Number of protein chains: 2
Amino acid sequence: MPRSKDDLSGLRRKAAPMPPPEGMPPCEPGAARRLPKDEREKRIIEGAIQFFAERGFEGQTRELAKRLGITQPLLYRYFPTKDDLIDRVYQDLYVKRWQPVWEEWILDRSQPIDRRMKRFYKDYAASILTYEWMRIFLYSGLAGFDINNRYLTLIRDRVLVKLCGEWRHEFGLPDPTALPIGEAELELAWALHGAIIYLGIRHFIYGLKVPRNFDPLIEADIDVFLAGLPGKLAALTREMAAE
Amino acid sequence: MPRSKDDLSGLRRKAAPMPPPEGMPPCEPGAARRLPKDEREKRIIEGAIQFFAERGFEGQTRELAKRLGITQPLLYRYFPTKDDLIDRVYQDLYVKRWQPVWEEWILDRSQPIDRRMKRFYKDYAASILTYEWMRIFLYSGLAGFDINNRYLTLIRDRVLVKLCGEWRHEFGLPDPTALPIGEAELELAWALHGAIIYLGIRHFIYGLKVPRNFDPLIEADIDVFLAGLPGKLAALTREMAAE
DNA sequence: CAGCTTATTGAGCAAGCGATAAATAAAAAT
DNA sequence: ATTTTTATTTATCGCTTGCTCAATAAGCTG
């Protein structure tokens, strides 16, 4: 079978790390020098998020400084080591973006289940399906940092397990207190979660063209998922109850 | 609201890049020196795949050589530059793993649609949901290489678009020649695809514990997806036909 | 203006990087 | 056994990297 043109032969690399979406000029063109301490620190962190998202943690401090319009040794006045700067990037990026109200939305039974799920996932996607969040999260995952494990454990315990409980209630299946949420069940929740996250991966990691507005896609995914869920869920709970 | 223990405060990094699954000893303990040219080249490529999967392309040639039980300059006897070695890694990892028969499986209408999808995705997952494939693919995506874009374009044109056509046929909807596959429709295919890929991301990138056998999970995902699909698909084609 | 504080810079070190060239030694050829 | 070939190593170059420290200059206080 002859190969057509769109195959993978002749693989070559491209030295173009995906540029950030908004071409914000390197932060300061004729940067006003001698800023107050707090202001400078803030700018460094913001610039570092942008920079590390683009280049990864192996990005060099000299180039980061160049983008910030400052010299490299100044970075070390504000952060004793590069690792300390990276830690601050994590703080600003992950810890601050978690919304405890999400858990309440999911459990709010005054709303139908699809509305709750759509509300949560649209807001969640708006929070984390961004250039900086997605790329830094993946860079840190590949580097083997434990933040990813911790963050996803949070997602599992605070979101997915609760979703499973609400589905049980919605479809008239045994309460989790009577029959604990099983692994296969939880994997269904991970599947929907992965489908939504993969939107961001396609766009921000692989640079693929993706519909600009994620919301209708998320709603469609949830519709399909919920329409197909009860059959499988009933089968799974039957299996588990039988043991 | 007081924070519980499993939150994200006190983020710290961990200097442990996720180790490969099978602790294959560094390739050669008391390595028989002076290998024939082909054999040595083969070992270098295999070792490089393992090494770059773990450390990324910024992994140093000296450490790669150390794992291979050879000295660093010897690498440059076989590959003129580090980039040339990386290109060979791509060839071995991506080009060789594409199975043209997959496209035939999907279009084989002598089998029911769920059987076809499960057969393809289980085989596809067995091929690419591996430590080396997933990690190198993500490293190269983050680095901005064009392989990812090319590979996923292949997936879209050779797999997902065809799946959409088969769904149309399955549910008695207009043929793609009469009404072309729409964007929203294709996004549903990406959703299922993403749900399955995300299994590998969770495990090999983030180091999360995931059920060992992916097959039953993939089957469940497809069952839920197919059960929920016809309603949404009918609505989408109605919308498109109305324009 | 003088004097003090401190944000910022210029110069540079030690270690690590990809890559090179000549020297060595193991296998093959004569 | 001697020569030829070549897989492999030793030593090193030029450059980059994270990081340091003394010098500079901008702003505040009197």
Side-chain angles (χ1 to χ4, degrees), chain A residues 13 15 17 26-49 51-52 54-90 139-140 143 145, chain B residues 13 15 17 26-49 51-52 54-90 139-140 143 145:
Chain A
R13 302 171 57 210
C27 233
E28 316 162 52
R33 297 202 313 203
R34 192 140 183 122
L35 295 180
K37 207 171 179 181
D38 291 352
E39 173 65 18
R40 177 66 71 197
E41 182 176 299
K42 193 182 143 204
R43 290 202 194 185
I44 289 177
I45 294 173
E46 281 175 12
I49 289 177
F51 178 72
F52 288 132
E54 189 177 329
R55 302 288 252 251
F57 302 118
E58 322 239 10
Q60 303 122 11
T61 54
R62 277 176 176 82
E63 195 184 333
L64 168 58
K66 199 173 187 177
R67 289 201 197 185
L68 287 165
I70 59 177
T71 57
Q72 182 234 17
L74 189 56
L75 293 175
Y76 289 86
R77 185 98 186 160
Y78 289 85
F79 300 94
T81 77
K82 187 181 177 183
D83 278 2
D84 287 315
L85 176 55
I86 292 175
D87 278 354
R88 277 299 297 273
V89 165
Y90 281 130
Y139 271 122
S140 78
F145 301 161
Chain B
R13 301 171 56 209
C27 233
E28 316 161 52
R33 297 202 315 203
R34 193 146 183 116
L35 295 180
K37 205 172 181 180
D38 292 352
E39 173 65 17
R40 177 65 72 196
E41 180 176 300
K42 192 183 143 206
R43 290 202 193 186
I44 289 177
I45 293 173
E46 280 175 13
I49 288 176
F51 178 73
F52 288 131
E54 189 177 329
R55 301 289 251 251
F57 302 119
E58 321 238 12
Q60 302 122 13
T61 55
R62 277 176 175 82
E63 194 184 334
L64 168 58
K66 199 172 186 179
R67 289 202 197 184
L68 286 165
I70 60 177
T71 56
Q72 180 235 17
L74 189 56
L75 293 174
Y76 289 85
R77 185 99 186 162
Y78 290 85
F79 301 94
T81 75
K82 188 181 176 182
D83 277 3
D84 288 313
L85 175 56
I86 291 174
D87 278 354
R88 277 298 296 275
V89 165
Y90 282 130
Y139 270 122
S140 78
F145 301 161

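Note on naming: letters A, B, ... go to the chains in the order of the sequence lines (proteins, then strands), and numbering restarts at 1 for each one. The analysis underlying the following values was restricted to heavy atoms, covering all of them including side chains, and did not include hydrogens, waters or symmetry mates. Note that the structure is a prediction, hence the values are computed from the model and not measured.
On a pure distance criterion of 3.5 Å, no polar donor-acceptor pair joins the side chain of B:R62 and the base of C:dG16.
With A:R43 as the partner, the salt bridge (charged side-chain N to carboxylate O under 4.0 Å, His left out) test is satisfied by one option alone out of A:E46, A:E41, A:E39: A:E39.
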* Just by protein heavy atoms under 4.0 Å, how would nucleotides 21-30 of chain D read 5' to 3' in B, S and -? -> B----BS---
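C:dT9 atom P lies 10 Å from atom CG of A:L35, rounded to whole Å. Counting to the nearest Å, the P atom of D:dG18 and the CD atom of A:E63 are 10 Å from each other. The nearest whole Å value for the distance from the CG atom in B:L68 to the C1' atom in D:dT9 is 15 Å. The nearest whole Å value for the distance from the CD atom in A:Q72 to the C1' atom in D:dG18 is 7 Å. Distance B:K82 NZ to D:dC15 P: 19 Å, rounded to the nearest Å. Atom NZ of B:K37 and atom P of D:dT6 are 8 Å apart (whole Å). Rounded to whole angstrom, the span from the CD atom of A:E41 across to the C1' atom of C:dT8 amounts to 16 Å. Note: CG (B:L75) to P (C:dA21) measures 17 Å, nearest angstrom.
Residues B:L68 and B:G47 come closest through the heavy atom pair CD2-CA, 3.9 Å. The nearest pair of heavy atoms linking B:Y78 to B:K37 is CE2-O, 3.5 Å. For the pair B:Y76 and B:T81, the tightest heavy-atom approach, listed with the atom from each and the gap, is CE2-CA, 4.2 Å. Closest non-hydrogen pair, A:A143 versus B:Y139, comes out as N-OH, 4.5 Å.
Counting non-hydrogen atoms under 4.0 angstrom, A:Y78 reaches the backbone sugars and phosphates but no base.
At least one side-chain heavy atom of B:F79 sits under 4.5 Å from a side-chain heavy atom of B:I45. Using a 4.5 Å cut-off on side-chain heavy atoms (C-beta onward), B:R88 and B:I44 make no contact.
Taking NZ of B:K82 as the start and OG1 of B:T61 as the end, the distance is 6.5 Å to the nearest 0.5 Å.
Relative orientation of the A:F145 and A:F57 rings is tilted, given thresholds of 30° and 60° on the angle between their planes.
Taken over five-pair windows at either terminus, the axes of the helix from C:dC1-D:dG30 to C:dG16-D:dC15 are inclined to one another by 20° (rounded to 10 degrees).
Between D:dT8, D:dG18, C:dT9, one nucleotide has an atom nearer to the side chain of B:L74 than all others, and that is D:dT8.
With the nearest nucleotide of DNA chain D identified for both A:P80 and B:P36, B:P36 has the one nearer the 5' end.
Taking 4.0 angstrom as the limit, A:T61 places a side-chain polar atom (N or O) nearer than this to OP1 or OP2 of D:dG18.
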